[in-house]
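The structure presented is a predicted model; accordingly, all values stated were derived computationally and were not measured. Order of the sequence lines fixes the chain letters, A, B, ..., with proteins taken first and strands second; residue numbering starts at 1 for each chain.
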Protein chains: 2
Amino acid sequence: MTQSNETTSYRDIKETVLARIRSGEWQPDSLLPNEQDLAVEFSCTRTTVNRAMRELADEGFLERRRKAGTRVLSAPQRQARFTIPKVRDEVEALGGIYRYALVSSVAERAPEWLCARLALKPDQRVMHVRCMHFNGNTPFQYEDRWIVIDSVPQVVNADFASIGPNEWLIQTVPFTNVELSFLASRADDSVAAFLDLPIGEPVFTGERITWLEGEPVTFAKMYFAAGYRMTTQF
Amino acid sequence: MTQSNETTSYRDIKETVLARIRSGEWQPDSLLPNEQDLAVEFSCTRTTVNRAMRELADEGFLERRRKAGTRVLSAPQRQARFTIPKVRDEVEALGGIYRYALVSSVAERAPEWLCARLALKPDQRVMHVRCMHFNGNTPFQYEDRWIVIDSVPQVVNADFASIGPNEWLIQTVPFTNVELSFLASRADDSVAAFLDLPIGEPVFTGERITWLEGEPVTFAKMYFAAGYRMTTQF
DNA sequence: ATTTCCATTTTGTGTAGACTTTAAACTTTT
DNA sequence: AAAAGTTTAAAGTCTACACAAAATGGAAAT
């Protein structure tokens, strides 16, 4: 059969299902008709229904289990998707001019807390890079980063005066796993100085750990300037 | 033809493609073979290749355009997905015992800043609910929330002494749009008192605005206890 | 009453093929 | 050249059907 312009598409099905959930016709926890029945109702194939339902499940509205069927999630486990842009893009999206400055770049023995955090051997060496990201002349982010030399030997030759460690890493090593955290920390004297804040001021802070096939690659702390907020819509 | 146990599945294709990207075989910005050719290479149908590539594009690794083909994204626009659990679930996931306490619940005229934030008419009335969420006896989150009465008339009869406003809203009104922000704020005297912190301490703070088909429903500020961090892995 | 095992149901994924939509690339006209 | 129209390649989506895999619910065995 051919796909006429009156076909029910998987998009239509998604919308209809969502509408039924919102209207209360399909209550939370209730079991939905199976795919075959829905295919009949929407007069399309099961394949099309399957795609619609699969996507709704991916998006966190439904829960599906073989044999058990599909049910409406009671607490719509809606997930916020935060895009993690590169600082440069973030600044430029604000209409600002991105500027980068290296503060320091030293090879050193990994401090104890870092060994614990990344499961490093006691004497492993790391490259410790500190740098600033500006929006024009205004501090935007202060970055404090450690890169595991054993995992990325080329790092000893990298020129972090001309390129930020994040951009360098992205184009140099791939990664397979990331752990990303956000928290509120207080500005210690160096953070305060770099971000031009009073000491003790609240600072929105990100921490990022990156691995490549189980090998720790880098740990970064990112301190954002006053007033920063991370926002998403869905 | 039937699906033997030696079939290449869309998962295999995804893995292979990712591996090729990581190994550098397929450079950023380079154009990939078209679906038909890949189907031949993987000896499967185009349908299967399509699913693999579509998902990789959804996940932010590829960019696809009709006629133009599929290319590797240079800056893998990886998105972090934070699940936004209900406080109760979050506390229970920590192995704690969730306890809830109402602080106050008053109907009032929306303050000016809120009118601006939610695009309310000057004299619209809102229900102002303040409450605490505990992990055992330890403060976990202080919630300061406003609910637009015109959008949710039933709210005037809700008993927020026995159920938290968030749980009540979830089971009462659906929503279509959400804006969620996170920031670091400083504890003012009331936040400090509720969370048992010194005044001025950094507090990880969430703000959530919810709409139903364009109508503003609620604005919530969530102040998290000291040491809170929001984490995700991918 | 409890555990083990099995049939059955429901989703998951694949094949094969066709039509649709988009937009890049080419061609013609102005 | 620049604009407008045309061709065409690639992804997007649907049909129709088949077999696979999981897990539930009940039957059988302990």
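Dashed line: the shortest gap from a side-chain N or O of B:Thr70 to OP1 or OP2 of D:dA10 is not under 4.0 Å. Put simply, A:Arg64 has no side-chain N or O that comes within less than 4.0 Å of OP1 or OP2 on D:dA22. An OP1 or OP2 oxygen of C:dT13 is reached within less than 4.0 angstrom by no side-chain nitrogen or oxygen of B:Thr48. Distances shown here put a side-chain N or O of A:Arg65 below 4.0 Å from the OP1 or OP2 atom of D:dT24.
Here C:dT11 presents its P atom at 14 Å from CG of A:Leu56, a figure rounded to the nearest Å. Rounded to whole angstrom, the span from the CZ atom of A:Arg54 across to the C1' atom of C:dG14 amounts to 12 Å. Here the P atom of nucleotide D:dA21 and the OH atom of B:Tyr10 are 14 Å apart, to the nearest Å. Atom pair A:Gln36:CD and C:dT13:P shows a separation of 18 Å (rounding to whole Å applied). For the pair A:Arg51 CZ and D:dA16 P, the computed distance is 18 Å after rounding to whole Å. In this structure, B:Leu31 places its CG atom 8 Å from P of D:dA11, rounding to the nearest Å. In this structure, B:Leu38 places its CG atom 18 Å from P of D:dA9, rounding to the nearest Å. As rounded to whole Å, 16 Å separates atom P of C:dA16 from atom CG of B:Asn50.
One donor-acceptor pair, N or O on each side, does fall under 3.5 Å between the base of C:dG12 and the side chain of A:Arg46.
By the side chain to side chain contact (heavy atoms under 4.5 Å, CB included) test, A:Val72 is found to be paired with A:Ile21, A:Trp26, A:Ser30, A:Leu32, A:Leu62, residues two or more places apart in sequence or in another chain being considered.
Within 4.0 Å (heavy atoms only), A:Thr47 reaches at least one base atom of the nucleic acid.
Inter-residue side-chain proximity for B:Val17 and B:Phe61 is flagged as unmet; no heavy-atom pair is nearer than 4.5 Å.
Closest heavy-atom contact between B:Leu102 and B:Phe160: CB-O, 3.5 Å. Contact between A:Val126 and A:Val148 at its shortest, heavy atoms only, is CG1-CA, 4.1 Å.
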Give me the distances for all protein-to-nucleotides 7-9 of chain C N/O pairs that come in under 3.5 Å?
| residue | atom | partner | partner atom | Å |
| --- | --- | --- | --- | --- |
| C:dT9 | O4' | A:Lys67 | NZ | 3.3 |

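Between A:Arg51 and A:Glu55 there is a salt bridge, since a side-chain N of the basic residue sits under 4.0 Å from a carboxylate O of the acidic one.
With 3.5 Å as the limit, one finds no donor-acceptor pair spanning the side chains of B:Asn166 and B:Glu143.
Checked against A:Tyr142 for a ring pair (Phe, Tyr, Trp, His ring centres under 6.0 Å), the options A:Tyr223, A:Tyr100, A:Phe224, A:Phe134 give a single hit: A:Tyr223.
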